[in-house]
Asks: 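One structure is given below, represented as structure tokens, and several questions about it will come after.
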Amino acid sequence: MTTPGAISPEDLESVITRGVSEIISQEEFVRLLKSGKKLRLKMGFDPSRPDIHLGHVVGLRKLRQLQELGHQVILIVGDWTAQIGDPSGQSATRTMLSHAQVLENAESYLRQFFKVVDQTRAQVIYQSEWFGDFGLAKVLELTGKFTVAQFLQRADFAQRFADQKPIAITELLYPLLQAYDSVAIESDVEFGGTDQMFNLLVGRELQGMMGQTPQQCFMMPILVGTDGVQKMSKSLDNYVAVDESPVDMYGKLMSVPDDQIISYFEYLTDVPMAELAALRHDLQNNSLNPMEPKKRLAWDVTNQFHDREAADAAQAHFERVVQGRGLPTDISEVSLGDLRSQGIVVGNEVRVDDLMLAAGLAPSKAQVKRLLSQGAVERIIQGGEPQPVTGGEAGYLLQPGDLLKVGKRRFVRLTAP
RNA sequence: GGAGGGGUGGGUGAGUGGUUAAAGCCACCAGACUGUAAAUCUGGCGUCCGGAAGGGCUUCGCAGGUUCGAAUCCUGCCCCCUCCA
């Protein structure tokens, strides 16, 4: 294990530039890194959102990198702030979570968190440890340190105020609680996305007010989602979850727009920057088909969250099913017996449209018809060639071995009872 | 305490009595193209019956009402928000 303080110029360069949006202040941060102190790296987690996607991974990788340099990660479970709901971004009111729910979410979150962060060099603390019996006197003391005008500086508050949109008082409290966390754990550096800048700075300020050394604020860039436009987020459904199956993870990464390839490489892999520069160059003058580096990216990330075999398999699947329009190796199956119990089997045969519905390939009969009329459905009888099935001939499929293909990559095999 | 704005399909957001299963945009699905689940183009996008033509049913916060006919008008209720004090 590395001793804190000993850091090569290359590592230092990487720490402060790669996958970094801004560091406040960078000079102080560098000084801290070189000081030999084992730094306390703070990261907060809102238990109302237990899912981690690649957008979060950018920061987690940074934490991991610093762990490798000998520093300590402290993950704070925001069981109190979750009840408020961080107004950053959206203003939707959150429902309060039960304690049991918080624990459940935290457990799920941690499982994903430690796929990137080293558990042996991390500590998990619940906010309730200090907020559990935080008296009104202390609340008043805390709120007394800041003014409304200061908080209205924050971009989204200012915007909402100008738009005459609601701002709950508890929302103003959110940055304060988060800031107090920094005091409670004596954080040296806090991590967050660029949208967290205000909150991180309040922490920095509060620590100073309370006689501590102000933390450094480390902000990560926002990763663009698979739509290539908006930030990756679950609610926009443009995310790649850390929990994703290898095939889906690989496939979703292949659906990232070509012009995001380089930044995905930069934020999510260890491919050297020099190599990325060359890649970018080749892409710009069209001497490289974007598909190639994208495959490499998809493989690399899939490998990180699964393993080499899974990544290879995912790639093979992609090449066979998507590029080669072939059949996947494992196809979900529906048995004639199950269908029979649904009363849609005649003799030993099932109608294509009934099967589509029963196998969940379409949510409604109307959708089934649309797919049929759009030429999206093919049947493959006993290893033969795919035959298009059109609206009129919602015909019959024999039992074992027959396959149904819907769209480019959804398959079902009909099996005997 | 007073004044006012608003609740529409997954998301935005039009629509103030029929031509509105409800514009546009986004998302999504499919097809073409590209041997990328990129980009682009085309089409689709409540649901049920029907081979189709077509026809039912359900939908615009909730519950009633007016009308031949209501997302649109009336009454009551619920919810959200803003401003003034």
Asks: Could you please name the option among B:U34, B:U36, B:A30 that lies closest to any side-chain atom of A:Met291?
Replies: B:U36
Asks: Within 45 degrees of the ring normal and closer than 6.0 Å to the centroid, is that where the cationic atom of A:Lys252 sits relative to A:Tyr239?
Replies: yes
Asks: Give a yes or no on whether a donor-acceptor pair under 3.5 Å exists between the nucleobase atoms of B:G50, that is its base, and the side chain of A:Lys369.
Replies: yes
Asks: What is the pairing partner of B:C68, taking Watson-Crick or G-U wobble pairs with both distances under 3.5 Å in any strand?
Replies: B:G18
Asks: Mind checking A:Gly251 for me? I need base, sugar-phosphate or nothing, with any heavy atom below 4.0 Å counting as a touch.
Replies: base
Asks: Taking atom types as they are modelled, is there a donor-acceptor pair under 3.5 Å from the base of B:U36 to the side chain of A:Lys295?
Replies: no
Asks: Does A:Gln374 make a side-chain donor-acceptor contact with the base of B:G44, cut-off 3.5 Å?
Replies: no
Asks: Checking side chain to side chain donor-acceptor pair (under 3.5 Å) between A:Glu190 and each of A:Gln178, A:Gln196, A:Gln216, which is the one that passes?
Replies: A:Gln178
Asks: Among the nucleotides B:G44, B:G35, B:G50, which one has an atom lying closest to any side-chain atom of A:Gln323?
Replies: B:G35
Asks: Is there a Watson-Crick or G-U wobble partner for B:G76 with both distances under 3.5 Å, and if so, which one is it?
Replies: B:C62
Asks: Whether the side chain of A:Asn289 and the base of B:U36 hold a donor-acceptor pair under 3.5 Å is what I'd like checked.
Replies: no
Asks: For B:A23, which nucleotide is its Watson-Crick or G-U wobble mate, given both distances must be under 3.5 Å?
Replies: none
